[in-house]
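Notes to accompany the following structure.
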Amino acid sequence: MRPPVNLKTTTPSDSYYSYSSSSSPPSDRRLNIIANHFVHVRDQMDSHDNISVSSTAASNSIFAHLVRAPEDPILGVTVAYNKDPSPVKLNLGVGAYRTEEGKPLVLNVVRRVEQQLLNEVSRNKEYLPIVGLADFNKLSAKLIFGADSPAIQENRVTTVQGLSGTGSLRVGGEFLAKHYHQRTIYLPTPTWGNHPKVFNLAGLSVKTYRYYAPATRGLDFQGLLEDLGSAPSGSIVLLHACAHNPTGVDPTLEQWEQIRQLIRSKALLPFFDSAYQGFASGSLDADAQPVRLFAADGSELLVAQSYAKNMGLYGERVGALSIVCKSTDVASNVESQLKLVIRPMYSNPPIHGASIVAAILKDRDLFNEWTIELKAMADRIINMRQQLFDALRARGTPGDWSHIIKQIGMFTFTGLNSEQVSFMTKEYHIYMTSDGRISMAGLSSKTVPHLADAIHAAVTRAA
């Protein structure tokens, strides 16, 4: 009969692989080794249980000097909204389309294409080139400039896939900081909150030009012309292609032509941010007219595109940066330098979202289906504007609220001040950015009366 296994607990002086007797059979020695191993592990666990975290551990951190950063002023609205238990709460800070039921929307055409892509067994997950998916780039340029654009026909446009609009702006900004003779960019006042950060970190110096007139809640056209007229020759000028964010105020085509003439006469460099093509008016061509106006004169410009809004591809991060150049050779050289910007930044872009866009843009039936869904989204937002205007007028709310139906796109600059916004949040559980910007996509026929009541109360009771 085999002797019993010795489960002696080891001490620090014991060999980790000690066993009871060198004369024991090999099988027993192996059992002793295993047993001693588990005893050793148990003792380690016991010792760990007795370790207490030092109260000075945090102060010893190499990051102990950091303070908590403030919430992003836009994304922070949703954070506050999510914490509110009120059943009547309303989030009008969200920069994404919502249905009449307040739900996120995935376009039917997008679901169809995703299913097609899933069924293509030949598809793989290999890296894209640094500049992205070739079909996507080619079709994106045609969408913004028009298929008959001389710049495209003459091969003077270079397009690279970017990480939605934000990433495309950043690539363009860093390219200009490295290779353009001027490093100052002029942004409209106000503008999207991320614009100054993107361009500052890209290496550009940010200045502003007048854009919005609070008194009229419209365009400060004279101020715009004066400020751009005073800008140093060669300066970069950021222009919102359509549906200006956050004001919803766009120049007329006649005003765009005057802006173009001024910019070209001063040799300023236009950099368009096109985040809402087709989403503003419901027409892809109408919303691209300002960009095409500039591209038609033969001079150079940059355009950042995003498919977050008009295809609902927010989380896919699909965008493009196009640079119109003077010649084919220059365009080729520009692309080579864009690669050097992109490679150390994110190496190459993701494939899935770009494949969805390319499939829709190159198939006539899919493209037509997309434009129908896109117009339905734009029309719903236009309808929400009209309903809110009518509701305020029915309540006799002091002030002229016609700017709500004159402005265009996802956002409305209400003209409410920060005290009124705070009042509406506290008393009516309505959330928006402190500058009074609201997302019309966050409204529905059911919630318009609640918002109108809140605005009426804020105007008549709050400071």
Side-chain angles (χ1 to χ4, degrees), residues 68-105 166 190-195 197 212 214 217 243-249 275-276 279 308-309 312 314-315 377 380-389 391-392 395 397 399 401 403-404 407-463:
R68 182 176 295 277
E71 291 282 2
D72 180 275
I74 297 176
L75 301 181
V77 172
T78 298
V79 173
Y81 167 83
N82 289 335
K83 292 179 180 178
D84 189 339
S86 172
V88 297
K89 65 181 180 179
L90 181 60
N91 185 4
L92 299 180
V94 63
Y97 183 81
R98 292 292 182 263
T99 65
E100 177 69 16
E101 295 73 35
K103 303 295 184 183
L105 176 68
T166 306
T191 192
W192 179 45
N194 220 17
H195 277 148
K197 304 168 193 173
Y212 178 73
R217 296 175 185 174
H244 180 275
N245 179 2
T247 69
V249 174
Y276 300 96
F279 204 91
K309 269 69 176 185
Y314 304 93
M377 289 193 290
R380 194 184 90 75
I381 289 177
I382 292 170
N383 184 40
M384 288 301 100
R385 289 183 176 279
Q386 189 65 52
Q387 286 191 36
L388 179 58
F389 172 73
L392 290 171
R395 285 161 177 74
T397 305
W401 298 95
H403 60 283
I404 291 176
Q407 294 172 10
I408 192 170
M410 180 178 286
F411 300 108
T412 288
F413 225 41
T414 61
L416 297 168
N417 60 42
S418 58
E419 290 80 8
Q420 291 166 334
V421 169
S422 179
F423 171 85
M424 290 169 61
T425 300
K426 182 179 178 181
E427 301 295 331
Y428 288 84
H429 305 274
I430 294 175
Y431 293 81
M432 66 184 79
T433 52
S434 61
D435 58 7
R437 185 199 78 163
I438 62 174
S439 170
M440 302 307 297
L443 276 177
S444 69
S445 298
K446 293 181 180 178
T447 57
V448 162
H450 181 54
L451 175 61
D453 288 342
I455 292 175
H456 184 86
V459 170
T460 56
R461 292 164 50 193

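- Remark: S434 OG to Q420 CD distance equals 12.5 Å, nearest 0.5 Å.
- Across all non-hydrogen atoms, the minimal contact from V448 to A391 is CG1-CB, 4.0 Å.
- Distance CE/M410 to CE/M384: 13.5 Å, rounded to 0.5 Å.
- With values rounded to the nearest 0.5 angstrom, N383 atom CG is found 11.5 Å from L388 atom CG.
- Side-chain contact between W192 and T166 is present, with at least one heavy-atom pair separated by less than 4.5 Å.
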Please assess Y428 against K89 for the test side-chain contact (heavy atoms from CB on, under 4.5 Å), listing each intermediate value before the final yes or no. CA-CA 7 Å; Y428 288 84; K89 65 181 180 179; over 6 Å; no
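- Smallest separation of non-hydrogen atoms from I455 and M424: CG1-CE, 3.8 Å.
- Atom CG of N417 and atom CG of D435 lie 11.0 Å apart (nearest 0.5 Å).
- The backbone N or O of T412 lies less than 3.5 Å from no partner atom in the side chain of H403, so there is not a single donor-acceptor pair.
- With hydrogens and angles ignored, the 3.5 Å screen pairs no side-chain donor or acceptor of T414 with any backbone N or O of R437.
- The aromatic rings of Y431 and Y81 sit perpendicular, their planes meeting at an angle over 60°, well past the 30° parallel limit.
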Please walk me through it: do L443 and L90 pass side-chain contact (heavy atoms from CB on, under 4.5 Å)? CA-CA 8 Å; L443 276 177; L90 181 60; 4.1 Å; yes
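- Closest approach of E100 to K446, counting heavy atoms only: OE2-N, 4.1 Å.
- Residues I408 and I382 are not in side-chain contact: their nearest non-hydrogen atoms beyond the backbone lie 4.5 Å or more apart.
- How far CE of M432 is from CG of L451: 6.0 Å, rounded to the nearest 0.5 Å.
- The backbone N or O of I430 lies less than 3.5 Å from no partner atom in the side chain of H450, so there is not a single donor-acceptor pair.
- Of the inter-residue distances, the one linking L105 atom CG with R380 atom CZ reads 9.5 Å to the nearest 0.5 angstrom.
- Pairing each heavy atom of A441 with each of A96, the nearest pair is CB-O, 3.8 Å.
- Below 30°, between 30° and 60°, or above 60°: for F279 and Y276 the angle between ring planes is between 30° and 60°, a tilted geometry.
- There is no side-chain donor-acceptor pair under 3.5 Å between D84 and S86.
- Taking the side chain as every heavy atom from C-beta outward, P190 and H195 never approach each other to under 4.5 Å.
- Put simply, the side chain of R385 gets close to the backbone of G409: a donor and an acceptor are under 3.5 Å apart.
- Considering all non-hydrogen atoms of both residues, G442 and T447 come closest at O-OG1, 4.4 Å.
- Contact annotation: the side chain of R217 approaches that of W401 to within less than 4.5 Å [non-hydrogen atoms, C-beta and beyond].
- Aromatic ring orientation, F413 versus Y212: perpendicular (interplanar angle above 60°, classes split at 30° and 60°).
- Of all heavy-atom pairs spanning M440 and I381, the tightest one is CB-CG2, 3.8 Å.
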